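Take a look at the structure set out below.
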Amino acid sequence: MTSHEDHRPEETVPDVARPETDPNPADGHVPEPNPPGRDFPAETDEPSGDWPGLSPLSVWADTAIVALFMVPSAIVATVVLVVVDQPLWALLPLPATGAFIALMTYLDMLRLRAVRYRVTADRMEMRSGIIAKAYRSIPRERVRSVDVAAPIHVRIFGLCTVTVGTGEKVGSGADQLKLEFVTAEQGERLRRELLRRAGTDDASRASTEGEDGSVDEDGVELARLNPRWFAYAPATTATFGIGLGVIAALIGANAQSGGHGWAWISERAGLPGSQQMADFVMSRLLLVIPLFLVGLLLSGVVVLLLAALETWWNYRLTREPDGTVRLRRGLLTSVSLSVEGRRLNGVVLHEPFVLRSVRGASVQAVATGLESGDDKKTSAKSRLSPAMPRSRARALGAALMRQEQSPLDVPLATHPRAALRRRFTRATFVTLAGVALAGGLAWLHMVATESWWEVARTIEETIVPIPLVVESVEATPGWGWFALAVVLGVLAFWYAVGSYRGLGHGLHPKYLVLRKGMGVRNTVTLERSAVIGWRITRSPFQRRLGLADVAATTAAGEGMYSALDVGLGQGLAWADEAVPELLAPFLERPEITGEAEGSRPTVLP
């Protein structure tokens with residue numbers, strides 16, 4: 001459990017090195033330490049002391065990957081030039097490729113010599129740069145995570161990449177150190193050394209003992225891959241989207257060629273003409289549409305299964321004796337992510353709609369040190385599990401929080417009915433917009449002449465190999481557009497009800513709990529001691545309905561977690577109870593009388 005001070009912005013504590021010489025030398029001269037608040041590299045170009053470098057094998061790894069991509073391309077270019085009767089030009093690709101590979105190898109050798117690092121009792125330091133020299137230093141007390149990754153082309157050489165995170169918003173990477181590449185033994189040693197905290201081993205060891213009181217060398221295993229979990233991988237809206245994306249790419253390529261690409265393929269393969277194929281499809285819609293959907297489904301399932309295999313193969317989540325939570329996964333790219341135990345401030349139960357429909361979920365971390373350049377990368381880096389059964393995900397979340405009563409099982413308060421009315425209002429606007437659009441399309445359909453349809457067919461034939469859209473639209477009756485508007489309206493109101501049912505907030509003795517979302521439903525648990533502030537926002541529509549968004553700010557995870565459309569008094573009372581005295585100076589409490597005993601606090605104007 002952390003305190004409020006653990007989550008406040010940390011001040012840089014100047015490191016003043018004690019002189020190792022006699023403090024009272026004979027000549028009376030005492031060397032002055034570095035001025036506080038600044039880091040000074042050594043004055044010499046070569047670092048003094050024990051400054052190890054990158055592995056020499058990293059040069060060969062980079063050379064191998066460059067050669068793997070460039071040499072086959074050079075061979076193909078040579079063959080093409082010979083075929084088109086350009087023998088002199090055919091002598092150029094292979095020597096040019098060899099010269100480029102030699103240049104890249106030379107630059108890698110210079111980089112190998114320039115990059116040096118060391119880990120002292122207080123800091124991790126790194127020197128780099130071939131022309132512009134750079135010196136970077138991170139206090140060890142600010143290290144929050146150590147990410148060890150090994151892509152397949154460097155794993156062959158026994159190498160890995162080590163990324164040290166500090167919990168800052170890194171953006172361009174200014175607040176993280178990255179070593180490419182060191183040996184696997186060096187990477188493991190750095191991971192253990194940087195996350196070790198003096199005086200925490202015994203206490204952490206006691207907290208990570210198994211039920212039988214024993215502690216494994218690798219700590220307590222929280223989760224290990226079950227091959228049955230791969231069945232949940234295709235449970236996503238991307239399953240059909242992948243197949244549609246491939247079709248869109250093919251249509252785009254055909255459009256770029258002005259329709260000549262498909263015409264050339266049809267001529268060589270002896271396929272029927274575009275109009276003949278369109279007539280065939282239209283005459284057998286009840287057969288073609290199911291087969292088309294099955295094809296999209298199968299293509300998406302195959303691609304998503306392969307992606308899940310590559311990402312989560314060999315998945316294992318453990319808590320080590322020092323309290324560090326360690327994630328290991330990956331088939332082609334082996335990834336090892338370690339998060340200091342005291343920086344894990346909660347979890348997120350992640351339930352997208354399709355995965356939720358099959359009773360699946362995944363677990364994400366709410367922790368400092370996992371921030372990346374954008375929210376999407378941060379979310380991907382914080383994933384602690386693949387998609388799995390919801391019950392298993394909830395058990396894993398409870399194990400990560402180490403609570404006998406899981407915060408994920410806390411009953412959540414229902415939000416006011418005004419929040420449902422607000423969502424119904426949005427659904428009504430969406431429905432009206434759909435009806436207006438349907439009316440416009442029906443009017444265009446009615447006034448369209450044959451010359452318009454002919455132009456549309458000509459354009460479609462140059463883009464789509466099998467022209468079906470224009471003919472289908474032309475055959476659609478006028479009321480068909482309004483039928484689509486009705487379907488849109490039904491979906492909008494269904495989404496509104498689901499969004500309201502997904503709202504909730506609650507309190508655990510050590511955690512606050514938030515839930516929201518319909519398309520993607522997230523249940524967030526956050527340590528109450530990790531909350532460093534509250535943000536109350538109210539739009540004009542929310543003020544009229546007596547609602548507010550109450551957001552807890554924290555140094556972990558996304559930085560802010562909101563309870564949406566909660567009653568103003570309900571939300572303020574919840575926030576005040578979650579972190580007593582933090583919001584108290586901004587609250588106006590009514591006097592406790594017989595009439596006002598049940599009233600709730602309000603924010604001062």
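Residue numbers run from 1 in the order of the sequence given. Keep in mind the model is a prediction, meaning the values are calculated, not measured.
The shortest side-chain heavy-atom distance between Met124 and Leu179 falls under the 4.5 Å cut-off. Residues Lys133 and Arg127 form no side-chain contact, since every pair of their non-hydrogen atoms from C-beta on lies 4.5 Å or further apart. Put simply, the side chain of Arg383 does not reach to within 4.5 Å of the side chain of Leu327, judged on heavy atoms. In this structure, Met70 and Met104 have side chains that are not in contact, with every pair of non-hydrogen atoms separated by 4.5 Å or more. Side-chain contact between Asp147 and Val335 is present, with at least one heavy-atom pair separated by less than 4.5 Å. In this structure the side chain of Arg328 reaches within 4.5 angstrom of the side chain of Thr318, judged on heavy atoms. Contact check for Glu180 versus Leu54: no side-chain heavy atoms found under the 4.5 Å cut-off. Between Val348 and Glu558 there is no side-chain heavy-atom pair separated by less than 4.5 Å.
With respect to the salt-bridge test (charged N to carboxylate O, under 4.0 angstrom), the residues Glu340 and Arg140 do not qualify. The pair Glu125-Arg118 meets the salt-bridge criterion, with a side-chain N (NZ, NE, NH1 or NH2) lying under 4.0 Å from an Asp/Glu carboxylate O. Salt-bridge check for Glu188 with Arg192: passed, with a basic side-chain N closer than 4.0 Å to an acidic carboxylate O. A salt bridge does not link Lys516 with Asp549: every distance from a Lys NZ or Arg NE/NH1/NH2 to an Asp or Glu carboxylate oxygen is 4.0 Å or more. With respect to Arg394 and Asp409, a salt bridge is recorded, a charged nitrogen being found less than 4.0 Å from a carboxylate O.
Judged by distance alone, the side chain of Arg359 and the main-chain N or O of Leu355 form no donor-acceptor pair under 3.5 Å. Side chain of Tyr315 to main chain of Asn226: no donor-acceptor pair is present (N/O by atom type, distance under 3.5 Å, no hydrogens or angles). Proximity of a side-chain donor or acceptor of Arg528 to a complementary backbone N or O of Ala578 within less than 3.5 Å is detected. With hydrogens and angles disregarded, a donor-acceptor distance shorter than 3.5 Å links the side chain of Ser406 to the backbone of Leu408. Panel note: side chain Arg356, backbone Met518; a donor-acceptor pair is recorded below 3.5 Å. Not a single donor-acceptor pair under 3.5 Å links the side chain of Asn522 to the backbone N or O of Val524. Put simply, the side chain of Arg329 never gets that close to the backbone of Leu225: no donor and acceptor are under 3.5 Å apart. Side chain of Ser334 to backbone of Gly330: no donor-acceptor contact under 3.5 angstrom is found. At distances below 3.5 Å, at least one donor-acceptor pair connects side-chain atoms of Thr554 with backbone N or O atoms of Ala530.
Each of Leu564, Leu514, Ile536 was compared with Val550 under the side-chain contact (heavy atoms from CB on, under 4.5 Å) criterion, and only Ile536 meets it.
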Show your reasoning for whether side chain to side chain contact (heavy atoms under 4.5 Å, CB included) applies to Leu177 and Tyr117.
-> CA-CA 10 Å; Leu177 295 182; Tyr117 71 92; over 6 Å; no
Quick one: do Val162 and Gln186 satisfy side chain to side chain contact (heavy atoms under 4.5 Å, CB included)? Show the steps, please.
-> CA-CA 9 Å; Val162 178; Gln186 284 178 299; over 6 Å; no
Between Leu331 and Asn314, is a side chain to side chain contact (heavy atoms under 4.5 Å, CB included) present by the stated rule, with each step listed?
-> CA-CA 7 Å; Leu331 180 61; Asn314 287 329; 5.5 Å; no
Would you please test Met401 and Lys510 for side chain to side chain contact (heavy atoms under 4.5 Å, CB included) and show each step?
-> CA-CA 10 Å; Met401 291 180 283; Lys510 292 187 178 180; over 6 Å; no
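Within the model, atoms CD1 of Ile138 and CG of Asp122 stand 14.0 Å from one another, a figure rounded to the nearest 0.5 Å. Atom OG of Ser55 and atom CH2 of Trp60 lie 12.5 Å apart (nearest 0.5 Å). With rounding to the nearest 0.5 angstrom, the CD1 atom of Ile532 is 9.5 Å from the CE atom of Met560. Rounded to the nearest 0.5 angstrom, Arg113 CZ and Asp108 CG are separated by 15.5 Å. We find the OG-CG distance between Ser58 and Leu112 to be 5.0 Å, quoted to the nearest 0.5 Å. Separating the CG atom in Leu305 from the OG1 atom in Thr239 is a distance of 9.0 Å, to the nearest 0.5 Å.
The nearest pair of heavy atoms linking Leu296 to Ser299 is O-OG, 2.8 Å. Here the closest heavy-atom approach between residue Ala399 and residue Leu222 is recorded as CB-CD2, 4.2 Å. Taking each heavy atom of Leu349 and Ala393 in turn, the nearest pair found is CD1-CB, 3.8 Å. Val363 and Leu400 make their closest contact through CG1-CD1, 4.0 Å (heavy atoms, listed as atom of the first residue, atom of the second, distance). Nearest heavy atoms, Ala150 versus Cys160: CB-CB, 4.2 Å. Of all non-hydrogen atoms in Leu304 and Pro234, the two that sit nearest each other are CD1-CA, 3.8 Å.
A perpendicular orientation is assigned to the rings of His153 and Phe181, their planes being inclined by more than 60° (bins at 30° and 60°).
If you check the side chains of Arg326 and Ser336, you find a donor sitting under 3.5 Å from an acceptor. A donor and an acceptor atom, one from each side chain of Thr63 and Thr105, are located under 3.5 Å apart.
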